[in-house]
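Here is the naming used below: chain letters follow the sequence lines, and residue numbers restart at 1 for every chain.
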Amino acid sequence: MISVPSFVYSMIFPVFDRAIFAYFVLLLLSYGILVAAALWELIGHVLRVRGESRQWVLGSAVSPSISILAPAYNEEATIAESVTALLALHYANLEVVVINDGSPDRTLEVLRDRFALVPVHTIVWRRLDTKPVRRLYRSKTHPNLVVVDKVNGGKADALNVGLNLATGDLVCVIDADTIVDADALPRLARPFLADAATIATGGMIRVANGSQVAGGRVLEVKAPRNPLAGMQVSEYLRAFLFGRLGWNELGGTLIISGAFGLFHREAMIACGGYTHDTVGEDMELVLKLRRRAYEAGQRHRVLFVPDAVAWTEVPETVAVLGRQRDRWHRGLADVLWRHRRLIGNPKYGAMGLVGLPYFLIVELLAPVTELLGWVALAVWVLMGALNAKVALLFFAIAYGLNAIHGTLAVLADELSFPRYRRTRDRLMVIGWSMLETFGYRQLTVLWRVRGLWKFLRGRTDWGKMERRGFAAPTVVAPGATSSPPGPTRAPA
Amino acid sequence: MNDSLLLTLGLRVLAVETAMATALVLLVMFAASAGEWWRRRRLRQLSTARDVMARLLTSETPAHADETVLRALPVGVQEALVLEFGRAVRGVSVERLSTLGQRLGITARAEARCASRFWWSRLQGARLLGALDHDCAALRARLNDPHPTVRVEVLHWAAGRADGHVIDALVARLVDPERLCRFTVRDSLLRVGQPAAGALAQFLARDDSTALADALQVARGLAQPELVAPAIRLCGHPEAMVRARAVSVLGALGGDDAASVLLERLQDDDASVREAAARAIGEIGHWGLASALADQLGDVSFPVRRESAISLRRLGSVGVLVLRRAKQSSNPFAADMATQVLDLPDSVFHRIAA
């Protein structure tokens with residue numbers, strides 16, 4: 001037992017205790033409000049769209065046109081299959097723009113051979129400043145396919161080139177390796193038809209690891225057997241069904257995943273497109289869109305649509321997952337720093353007064369506080385300042401809350417738009433959610449703190465991402481275009 | 001707070017949490033099992049019932065036994081069948097489905113639902129009556145339903161009813177406060193087709209009309225002669241979007257009057273109007289305006305240059321000749337655009353020009 005001066009007992013311990021406890025209560029309250037708002041929104045959404053025919057939206061002459069932007073970097077193994085699946089999506093007025101971001105592999109050759117591409121004179125309406133375009137191609141066999149080959153400039157630059165080329169009223173942004181459900185586009189487009197103020201919508205990203213995938217479609221949904229992937233399933237469910245959906249009711253979400261989002265093209269261009277020098281370009285774009293709308297005094301909506309689903313492959317190794325989470329947290333810190341003047345500013349309505357303070361206090365600082373809490377707990381016990389039984393009980397309570405949160409997400413999923421057909425898969429997801437607290441959660445805290453530390457030291461690299469691929473192994477190099485599903489910011 | 005009190009409180013919280021977590025897990029399992037059981041049961045019932053329904057809808061003399069099988073099914077399954085078949089069948093089968101719905105009592109139940117105070121119940125009633133192609137006062141009253149989701153459903157149904165009352169109601173709904181309703185109205189008016197042209201022309205001719213841009217979008221799709229005069233008048237509207245849409249209506253209708261207006265609009269201050277005029281000239285195939293389009297190849301706006309080049313190619317040999325000459329133009333913008341549009345594969349060009 002370590003001896004402690006009496007003033008530590010009388011002054012420091014109680015203050016620290018109360019601070020941690022107050023933060024814990026704030027966290028609980030915010031999650032409670034988010035969960036309640038999300039459940040309310042989910043019920044309304046299910047009642048509105050269940051049984052609705054999407055055929056008239058799909059086939060209508062007055063439906064908005066959509067351009068899909070698919071940036072690709074070193075995707076030679078999967079690009080043909082991915083683009084074929086995109087061209088087969090259920091939407092009448094669809095254009096697919098594939099941006100080869102200077103891949104050193106055979107991505108462009110594969111596209112040229114598979115889709116009978118012919119070069120056309122390369123002129124582009126440069127509404128956004130980008131790295132040079134090398135060549136523009138059109139397909140003889142697929143008139144709605146545009147392929148552009150450009151000098152490598154990263155994902156944001158590739159998307160800005162796509163924005164310069166897109167002709168659709170709406171622009172759908174996906175990663176080249178994202179698998180989009182065939183009917184996801186009309187679902188994602190629905191809010192744009194319902195309200196002219198809608199400037200962006202985001203879809204639900206689900207984990208495809210373990211599922212049966214063929215021909216660019218998820219044929220049978222199964223829970224992953226890999227523990228890391230399994231825990232991410234539960235994390236994604238919580239983050240999207242509660243973290244994103246809840247914000248629909250609380251002033252609009254601040255994040256649309258870079259893996260699957262639909263945007264108003266003119267609004268995107270008007271706010272300058274994607275920002276190049278950030279690793280949180282998806283959140284940065286949404287903040288820019290909303291900031292511009294607030295400053296122009298325009299009513300606007302950014303919504304999450306729970307039944308528009310896209311699938312992604314999540315990391316299955318500790319190293320890759322660590323790099324991903326570290327990058328997401330750096331991105332969050334960077335974006336909040338860039339827009340720090342908006343935090344708490346009443347001029348920016350619910351975003352300034354509720355959304356951004358939440359992201360600062362609950363999302364950005366949560367890992368730091370949690371780490372401090374763990375360290376303090378250990379020190380307290382070592383000093384004999386805290387009963388070991390009480391400490392254990394505190395841990396058990398926190399664990400119980402996490403288990404309730406995770407199971408509630410699985411239940412909400414089951415009662416709204418269920419994907420798992422086998423009881424075994426549902427049990428596995430609940431099981432992974434129960435195991436999250438033992439190790440996985442602590443690791444994510446450390447990775448996020450590392451991300452914050454790197455941000456403070458000015459690091460802006462993406463880190464090397466490795467993917468196993470649905471069809472064949474793929475490696476995405478540093479500065480790569482293809483990215484994981486943006487900052488999911490899984491709640492604690 | 002002393003440790004024993006903390007322990008007692010904590011243990012109670014933990015007990016509550018454990019009970020909640022256990023209940024939730026059980027609920028998930030129950031929801032999943034019940035859902036799975038219900039889905040399988042529904043699939044079993046539907047697979048048999050689909051065959052019976054298909055026989056009833058295709059046979060001129062339906063078997064009484066088949067109808068008895070349907071009658072024995074739970075109401076939910078009957079309704080699911082009606083919704084499924086209602087979306088898929090056409091012609092005489094729709095009439096048979098409608099008659100069958102009346103005999104099974106589905107129509108009466110749906111009419112009653114249309115008067116419910118819950119919007120989701122009214123929505124289901126409207127969906128069923130729409131699938132049954134049934135027309136009744138209860139459904140028509142829902143054209144003014146307070147809930148937009150219900151209105152959308154009924155406005156969609158109205159496309160199959162080309163009578164004056166419904167068309168007037170549809171045109172009046174062009175100014176619906178809900179965008180989804182306005183979208184559905186435009187879609188429905190387009191599907192009504194020619195019978196809607198008169199009411200739409202009157203709407204466009206009124207000085208106090210709002211939502212003119214939406215109405216002109218429908219007018220372009222309908223492309224009926226009575227819409228030329230209001231479209232020409234609206235080509236001088238102060239709002240650029242209305243002018244652009246009016247110009248595009250002329251592109252779908254053509255005529256000498258239209259050509260002179262389009263030539264004038266090629267010089268409009270707003271680029272979106274010039275773009276629409278360039279496109280419209282290509283659509284009406286007025287090769288006499290090829291030189292005017294050639295001038296627009298050097299326009300300051302990229303979309304105007306692009307539309308002018310596409311329209312020139314659309315004009316056929318005369319336009320292509322102009323484009324080939326433009327490739328040598330001293331204006332690099334005109335030369336670039338002409339080269340790109342001439343490079344486009346036929347399949348791509350036809351899609352863009354469509």
Item checked: A:Val118 versus chain B, the contacting section by heavy-atom distance below 4.5 Å -> side chain
Checklist line | Heavy-atom proximity to chain A below 4.5 Å, by part of B:Met337 | finding: both
Margin query: Counting only non-hydrogen atoms closer than 4.5 Å, does A:Val46 touch chain B with its backbone (N, CA, C, O), its side chain (CB onward), both, or neither?
Written below: neither
Item checked: Exercise: identify the closest heavy-atom pair between B:Trp120 and A:Leu47 -> CE3-CD1, 3.9 Å
Notebook entry, point to check: Mind checking whether A:Leu136 and B:Gln340 have side chains closer than 4.5 Å, heavy atoms only?
Noted result: yes
Margin query: With chain A as the partner, which of B:Ala32, B:Pro345, B:Ser188 has the greatest number of non-hydrogen pairs under 4.5 Å?
Written below: B:Ala32
Notebook entry, point to check: Could you give the distance from CG (A:Asn402) to CD (B:Glu17), rounded to the nearest 0.5 Å?
Noted result: 10.0 Å
Note to self: Is there a side-chain contact between A:Arg48 and B:Leu123 in this structure, where contact means two heavy atoms from C-beta onward sitting under 4.5 Å apart?
What the structure shows: no
Note to self: For chain A, which candidate among B:Thr149, B:Leu14, B:Val218 shows the most heavy-atom pairs at distances under 4.5 Å?
What the structure shows: B:Leu14
Next item on the list: Verify the neighbour count for atom CZ of A:Arg126: are there more than 12 heavy atoms of other residues, nucleotides or ligands below 6.0 Å?
Entry: yes
Notebook entry, point to check: Which atoms of B:Arg39 come close to chain A, meaning under 4.5 Å heavy atom to heavy atom: side chain ones, backbone ones, both, or neither?
Noted result: side chain
Margin query: Using heavy-atom distances under 4.5 Å, tell me whether A:Asp413 contacts chain B through its side chain, its backbone, both, or neither.
Written below: neither
Check: With chain A, which of B:Thr22, B:Leu11, B:Thr18, B:Leu83 has the greatest number of heavy-atom pairs at distances under 4.5 Å?
Finding: B:Leu11
Notebook entry, point to check: Testing B:Val341, B:Leu344, B:Asp343 for side-chain contact (heavy atoms from CB on, under 4.5 Å) with A:His121, which one passes?
Noted result: B:Asp343
Checklist line | Between A:Thr423, A:Thr407, A:Ile123, the one whose heavy-atom pairs under 4.5 Å with chain B are most numerous | finding: A:Ile123
Notebook entry, point to check: Relative to chain B, which of A:Thr141, A:Leu408, A:Leu415, A:Leu145 shows the most heavy atom pairs under 4.5 Å?
Noted result: A:Leu408
Note to self: Can you confirm whether more than 12 heavy atoms, excluding those of B:Phe30, are under 6.0 Å from its CZ atom?
What the structure shows: no
Margin query: Please classify the contact between A:Arg127 and chain B as side chain, backbone, both or neither, with a heavy-atom cut-off of under 4.5 Å.
Written below: neither
Check: How about B:Arg324: does its CZ atom have over 12 heavy atoms from other parts shown lying under 6.0 Å from it?
Finding: no
Next item on the list: Among the options B:Val25, B:Asp214, B:Val13, B:Leu24, pick out the one with the most heavy-atom pairs lying under 4.5 Å from chain A.
Entry: B:Leu24
Could you tabulate the donor-acceptor pairs under 3.5 Å formed by side-chain atoms of residues 347-354 of chain B, not counting sequence neighbours?
{"residue": "B:Ser347", "atom": "OG", "partner": "A:Lys140", "partner atom": "O", "Å": "3.0"}
{"residue": "B:Arg351", "atom": "NH2", "partner": "A:Leu94", "partner atom": "O", "Å": "2.9"}

Check: So, for A:Leu411 and B:Ala31, which heavy atoms are closest and what is the spacing to 0.1 Å?
Finding: CD1-CB, 4.3 Å
Note to self: Report which part of A:Ser139 has an atom under 4.5 Å of a heavy atom belonging to chain B: side chain, backbone, both, or neither.
What the structure shows: backbone
Next item on the list: Considering only heavy atoms and a distance below 4.5 Å, find which of B:Ser33, B:Ala80, B:Ala21, B:Pro303 pairs most often with chain A.
Entry: B:Pro303
Notebook entry, point to check: Contact part of B:Thr339 toward chain A, heavy-atom cut-off under 4.5 Å: side chain, backbone, both or neither?
Noted result: both
Checklist line | Heavy-atom proximity to chain B below 4.5 Å, by part of A:Ile404 | finding: both
Margin query: Let's test your reading of the structure: which of A:Glu95, A:Glu414, A:Met434 forms the most heavy-atom pairs below 4.5 Å with chain B?
Written below: A:Glu414
Margin query: Test your reading of the model: is there a side-chain donor-acceptor pair from A:Arg426 to the backbone of B:Met29, 3.5 Å cut-off?
Written below: no
Notebook entry, point to check: Heavy-atom distance under 4.5 Å to chain A: side chain of B:Leu190, backbone, both or neither?
Noted result: side chain
Margin query: Let's test your reading of the structure: which of B:Glu178, B:Arg306, B:Glu36 forms the most heavy-atom pairs below 4.5 Å with chain A?
Written below: B:Glu36
